[in-house]
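Since the model is a prediction, treat every value here as computed from it, not as a measurement. Note on naming: letters A, B, ... go to the chains in the order of the sequence lines (proteins, then strands), and numbering restarts at 1 for each one.
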Amino acid sequence: MEETTSNKSKKQSTNPGNSINTWSVQCGECFKWRVIPTQEQYEEIRSKFIEDPFVCCKLPTVSCDEPSDIEYDNTRTWVIDKPNLPKTPPGFKKRLVLRKDYFKFDCYYDAPNGKKLRSSAEASRFLDKHPECKKDISPSDFSFFSPKIMEDTIPAKVVKKI
DNA sequence: GCCACCGGTGGC
DNA sequence: GCCACCGGTGGC
């Protein structure tokens with residue numbers, strides 16, 4: 001279960017390259033990496049990864065015989081995710097912003113009204129203020145987990161923090 | 001004045 | 001010692 005970033009990215013924020021632009025999962029049988037086209041599809045797979053592990057043949061046009069989509073190497077920075085994180089609630093947008101020093105991510109949810117949520121505490125408070133959301137969404141539907149950045153794939157020019 | 005970004009720290 | 005959380009602020 002992985003996500004990757006690289007220095008090439010779609011413009012999702014003011015600072016290109018600081019967000020995740022490729023989502024991929026590893027097949028539990030052949031161990032090849034498969035790129036998942038959208039964050040939403042990726043989150044769907046991730047949300048039940050333990051009880052329903054990913055295998056290549058779940059993708060419509062792929063099997064374990066096909067070469068892998070991408071390789072784990074330092075042509076891009078890799079970060080390791082956790083299985084079974086909650087899917088982003090409908091109407092919300094989840095963003096992971098990588099700090100310039102590659103030390104960690106900041107995780108945000110953009111609420112339907114544009115409000116930016118920065119922590120579980122803020123998410124809970126938001127739901128309390130918006131009972132209409134609370135019907136379908138609970139605080140446990142938010143995860144501010146920051147994926148682990150793989151040090152051996154951090155660009156050499158980045159100055160490491162001591 | 002706002003907000004993206006970063007730094008500091010309290011609580012575990 | 002770590003990291004979730006949030007206050008502060010520089011740059012716009």
Side-chain angles (χ1 to χ4, degrees), chain A residues 1-26 28 33 35-54 70 72-162:
Chain A
M1 181 74 36
E2 303 273 334
E3 304 162 2
T4 68
T5 68
S6 84
N7 51 11
K8 302 278 183 297
S9 74
K10 289 174 270 179
K11 264 278 201 310
Q12 293 162 331
S13 76
T14 52
N15 182 5
N18 69 351
S19 57
I20 290 167
N21 62 23
T22 307
W23 310 85
S24 69
V25 294
Q26 192 172 30
W33 290 100
V35 170
I36 306 302
T38 68
Q39 177 175 356
E40 192 181 3
Q41 290 171 265
Y42 172 81
E43 287 192 357
E44 170 68 23
I45 294 168
R46 182 180 60 186
S47 69
K48 44 189 179 186
F49 194 77
I50 292 172
E51 63 272 27
D52 186 16
F54 175 78
I70 52 173
Y72 180 89
D73 59 30
N74 63 9
T75 58
R76 51 165 63 73
T77 299
W78 287 70
V79 302
I80 304 211
D81 212 350
K82 266 199 327 200
N84 285 43
L85 297 180
K87 280 196 282 183
T88 301
F92 289 76
K93 177 155 188 275
K94 183 177 184 176
R95 296 183 289 129
L96 286 163
V97 179
L98 184 62
R99 295 205 177 185
K100 288 192 177 63
D101 59 7
Y102 282 60
F103 197 62
K104 66 174 175 178
F105 286 92
D106 291 301
C107 182
Y108 307 110
Y109 286 85
D110 296 318
N113 67 359
K115 164 97 173 144
K116 179 176 168 180
L117 307 176
R118 303 187 296 166
S119 68
S120 303
E122 288 189 2
S124 293
R125 270 181 249 133
F126 179 87
L127 291 180
D128 286 340
K129 271 197 208 155
H130 297 270
E132 74 279 7
C133 288
K134 217 170 175 177
K135 286 201 310 266
D136 313 302
I137 303 170
S138 85
S140 64
D141 292 322
F142 297 88
S143 165
F144 289 82
F145 169 76
S146 168
K148 180 181 159 58
I149 298 142
M150 300 308 287
E151 196 154 343
D152 57 339
T153 64
I154 294 176
K157 65 181 180 202
V158 175
V159 178
K160 302 248 172 62
K161 212 176 199 175
I162 302 171

*Asks:* Using a 4.0 Å heavy-atom cut-off across all strands, classify A/Ser146 as base, sugar-phosphate, or nothing.
*Replies:* nothing
*Asks:* Write down the distance between CZ (A/Arg118) and C1' (B/dC3), rounded to a whole number of angstrom.
*Replies:* 10 Å
*Asks:* Look at the side-chain N and O atoms of A/Lys116 and state whether any lies under 4.0 Å from the OP1 or OP2 oxygen of B/dA4.
*Replies:* yes
*Asks:* Could you tell me whether A/Tyr72 and A/Trp33 have their ring centroids closer than 6.0 angstrom?
*Replies:* no
*Asks:* Return no unless some side-chain N or O of A/Ser119 is found under 4.0 Å from OP1 or OP2 of C/dA4.
*Replies:* no
*Asks:* Rounded to whole Å, please give me the gap between NZ in A/Lys104 and C1' in B/dG8.
*Replies:* 10 Å
*Asks:* Distance-only, no hydrogens or angles: does the A/Ser47 side chain make a donor-acceptor pair with backbone N or O of A/Lys87 under 3.5 Å?
*Replies:* no
*Asks:* Whole angstrom is fine here: how far is it from CG in A/Leu96 over to C1' in B/dC5?
*Replies:* 15 Å
*Asks:* Would you mind reading off the distance between A/Phe105 atom CZ and B/dA4 atom P, rounded to a whole angstrom?
*Replies:* 18 Å
*Asks:* Starting from P on B/dC5, measure out to CG on A/Leu98 and report it in whole angstrom.
*Replies:* 11 Å
*Asks:* So does A/Pro89 get a backbone contact from the side chain of A/Asp141, meaning a donor-acceptor N/O pair under 3.5 Å?
*Replies:* no
*Asks:* Can you measure from CZ (A/Phe126) to OH (A/Tyr109) and round to the nearest 0.5 angstrom?
*Replies:* 13.5 Å
*Asks:* So A/Tyr108, base contact, sugar-phosphate only, or nothing? Heavy-atom distance under 4.0 Å.
*Replies:* base
*Asks:* Please report the distance, rounded to the nearest Å, between CZ in A/Phe103 and P in C/dC2.
*Replies:* 8 Å
*Asks:* Checking A/Asp152 against A/Trp78 for the side-chain contact (heavy atoms from CB on, under 4.5 Å) test, could you report, in this order, the C-alpha distance in whole Å, the side-chain angles of both residues, the deciding distance, and whether it holds?
*Replies:* CA-CA 9 Å; A/Asp152 57 339; A/Trp78 287 70; over 6 Å; no
*Asks:* Return the value, rounded to whole Å, for the distance between atom CG of A/Asp101 and atom P of B/dC6.
*Replies:* 7 Å
*Asks:* Roughly, in whole Å, what's the span from CZ in A/Arg99 to P in B/dG7?
*Replies:* 7 Å
*Asks:* Would you say A/Lys100 places a side-chain N or O within less than 4.0 Å of OP1 or OP2 belonging to B/dC5?
*Replies:* no
*Asks:* Side-chain N or O of A/Arg125 less than 4.0 angstrom from OP1 or OP2 on C/dC6?
*Replies:* yes
